[in-house]
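Heads up: the structure comes next, in structure tokens.
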Protein chains: 2
Amino acid sequence: MVQAVQPITSADKTFIQLRRDIVEGEIPASSKLSEVELSTKYEVSRAVIREAINRLESCRLVERKPNVGARVVSLTPQGLKELYQVRESLEGMAARLAAVNMSEEEIDDLRALLDTHFKNVKEAENYYQEAGDLDFHYRIILGSKNAQLMSILFDGIYHLIRMYRVQLGMAGPRITTAFDEHRNIVNAIANRDPELAEMLMRRHIQYSGNVHQENLTKNSAKSIS
Amino acid sequence: MVQAVQPITSADKTFIQLRRDIVEGEIPASSKLSEVELSTKYEVSRAVIREAINRLESCRLVERKPNVGARVVSLTPQGLKELYQVRESLEGMAARLAAVNMSEEEIDDLRALLDTHFKNVKEAENYYQEAGDLDFHYRIILGSKNAQLMSILFDGIYHLIRMYRVQLGMAGPRITTAFDEHRNIVNAIANRDPELAEMLMRRHIQYSGNVHQENLTKNSAKSIS
DNA sequence: TGCAGCCAAATTGTCGACAAAATAGCATTT
DNA sequence: AAATGCTATTTTGTCGACAATTTGGCTGCA
């Protein structure tokens with residue numbers, strides 16, 4: 001028996017499209033979201049747009065004021081810092097839980113993934129870089145087997161962080177060092193060492209967060225001058 | 001000049017009312033939420049109900065399937081466990097950040113609060129217990145000065161945890177020991193010791209989580225027999 | 001009896017219209 | 001000229017109706 005694909009409503013599609021446009025910067029940060037304007041642009045009724053905006057609000061990608069309207073959130077160094085703090089905490093916990101809950105098979109797959117990425121990265125320096133990093137974190141979060149954790153990270157934090165990365169052009173170098181960090185984390189998980197796995201993951205995210213912070217202040221200084 | 005109160009829309013009120021009814025169990029767990037039924041019950045249009053349900057979904061209090069409808073989430077031991085794992089992680093981080101970001105005045109206030117609660121608890125054993133505990137955690141999360149953290153905890157996790165507590169009747173005793181734990185956490189924050197504050201907070205939540213877990217399994221065993 | 005397909009009822013998804021509120025511009029006053 | 005108050009316009013909030021989809025039950029057939 002084939003699993004029937006879940007039907008996607010118009011509101012779903014509009015939400016996903018809108019989210020994409022906001023994250024990728026086609027709808028710029030801090031800009032106002034007019035319901036009528038968007039409903040003509042995306043060719044759906046205002047009700048659909050309203051539902052999409054509501055969902056975007058609960059992702060914290062837009063902010064709404066009653067009777068006034070919705071704006072895309074504005075990007076601030078403070079905001080990015082806060083995001084990374086939450087991410088560090090949650091993914092640290094994810095690594096801790098993964099060290100307990102991941103199956104041996106999942107761990108083997110994760111190792112294989114790392115090898116593949118390593119080869120690809122050596123060949124085409126930074127093409128696979130972001131995708132590889134994402135894959136890695138994605139699997140560990142899945143490995144935590146904690147639905148709340150997954151929901152908060154995948155539906156919320158990750159889109160926000162990506163928004164910062166795309167719009168402030170923060171392609172962290174750090175390729176080879178990040179790779180060693182990834183490998184150490186997998187080893188900790190394979191050794192069923194939750195404390196170490198958490199600690200390594202938290203450090204790993206702290207480092208990448210710091211890099212982004214620096215890029216951000218550098219870039220905003222540039223754009224001011 | 002007086003700060004104007006933010007206008008509250010019908011959808012806001014309905015959302016808050018619905019959330020209350022779900023958390024307090026007046027709308028039982030796992031029950032279906034019919035839009036027409038609710039719109040007659042709360043005397044608002046279906047559009048308002050839909051918006052409220054959408055927001056409840058992003059709080060993870062209800063689950064929706066396209067073209068089928070929304071159900072209140074079901075309460076499972078696994079679900080409670082996952083919630084406490086996330087809570088431990090996030091509030092641990094909150095305590096860590098509070099140790100850095102809370103002002104001296106806020107710390108003094110927190111100390112005063114603890115004293116007040118201690119007296120009240122001694123007088124009327126468990127009346128102030130829950131409110132006191134809530135107050136304490138609330139202030140530390142505020143003290144983190146991290147908007148993401150606050151939003152995830154206040155808007156999401158806390159209502160869900162309360163739902164479990166109310167509906168599965170988990171009034172943890174643990175009054176005096178919890179008090180000592182609270183005091184130690186405040187001391188760590190006052191000493192500007194982030195690592196210790198985080199560790200103590202995480203333990204504190206682990207303990208209370210364990211108590212609730214036990215109550216839960218006990219109660220569900222009871223209700224089965 | 002069991003099962004497949006179909007039909008009817010109920011439920012959700014979408015839409016356009018109206019009501020209420022906020023905003024912007026203009027006139028008036030000091 | 002600046003500030004205040006009013007009015008017109010725009011924008012959001014709410015509603016009821018229609019369309020699309022699912023669900024439950026019925027009929028007919030093997």
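Keep in mind that the numbers below use all heavy atoms, side chains included, and drop hydrogens, waters and symmetry copies. All chains are named by letter (A, B, ...) in the order of the sequence lines, taking the proteins before the strands, and each is independently numbered beginning at 1.
- Residues B:Y158 and B:Y138 place their aromatic rings such that the two centres sit no closer than 6.0 Å.
- Whole-Å rounding puts the B:N67 CG to C:dA10 P distance at 18 Å.
- Electrostatic pairing of A:E63 and A:R71 does not count as a salt bridge here, judged by no charged N lying under 4.0 Å from a carboxylate O.
- The nearest whole Å value for the distance from the CZ atom in A:R71 to the P atom in D:dT12 is 11 Å.
- As rounded to whole Å, 9 Å separates atom P of D:dG13 from atom CG of B:D12.
- In this structure, a donor-acceptor pair under 3.5 Å is present between the side chains of B:R60 and A:S151.
- The shortest distance between the side-chain N/O atoms of A:R50 and the OP1/OP2 oxygens of D:dG13 is below 4.0 Å.
- For the pair B:K32 and C:dT12, the criterion of a side-chain N or O lying under 4.0 Å from OP1 or OP2 is met.
- Using a 4.0 Å heavy-atom criterion, one finds that B:L33 contacts the sugar-phosphate atoms exclusively.
- Taking atom CG on B:N54 and atom C1' on C:dG13, their separation rounds to 11 Å, with Å as the unit.
- The nearest whole Å value for the distance from the CD atom in A:E35 to the C1' atom in D:dT10 is 12 Å.
- Under a 4.0 Å N-O distance rule, the pair A:R20/A:E26 qualifies as a salt bridge.
- Spacing between atom CD1 of B:I53 and atom P of C:dT11 amounts to 13 Å, rounded to whole angstrom units.
- The environment of A:K81 atom NZ is sparse: at most 12 non-hydrogen atoms of other residues, nucleotides or ligands sit within 6.0 angstrom.
- C:dG13 atom C1' lies 9 Å from atom CD of A:E51, rounded to whole Å.
- What separates CD of A:E43 from P of C:dC15 is a distance of 11 Å, to the nearest Å.
- Regarding contacts with the backbone of C:dT23, every side-chain N or O of A:K65 stays at 4.0 angstrom or more from both OP1 and OP2.
- For the pair A:V68 and A:R46, both in contact range of DNA chain C, the more 5′-proximal nearest nucleotide belongs to A:R46.
- Contact annotation: B:S45 side-chain N/O to D:dC15 OP1/OP2 distance is under 4.0 Å.
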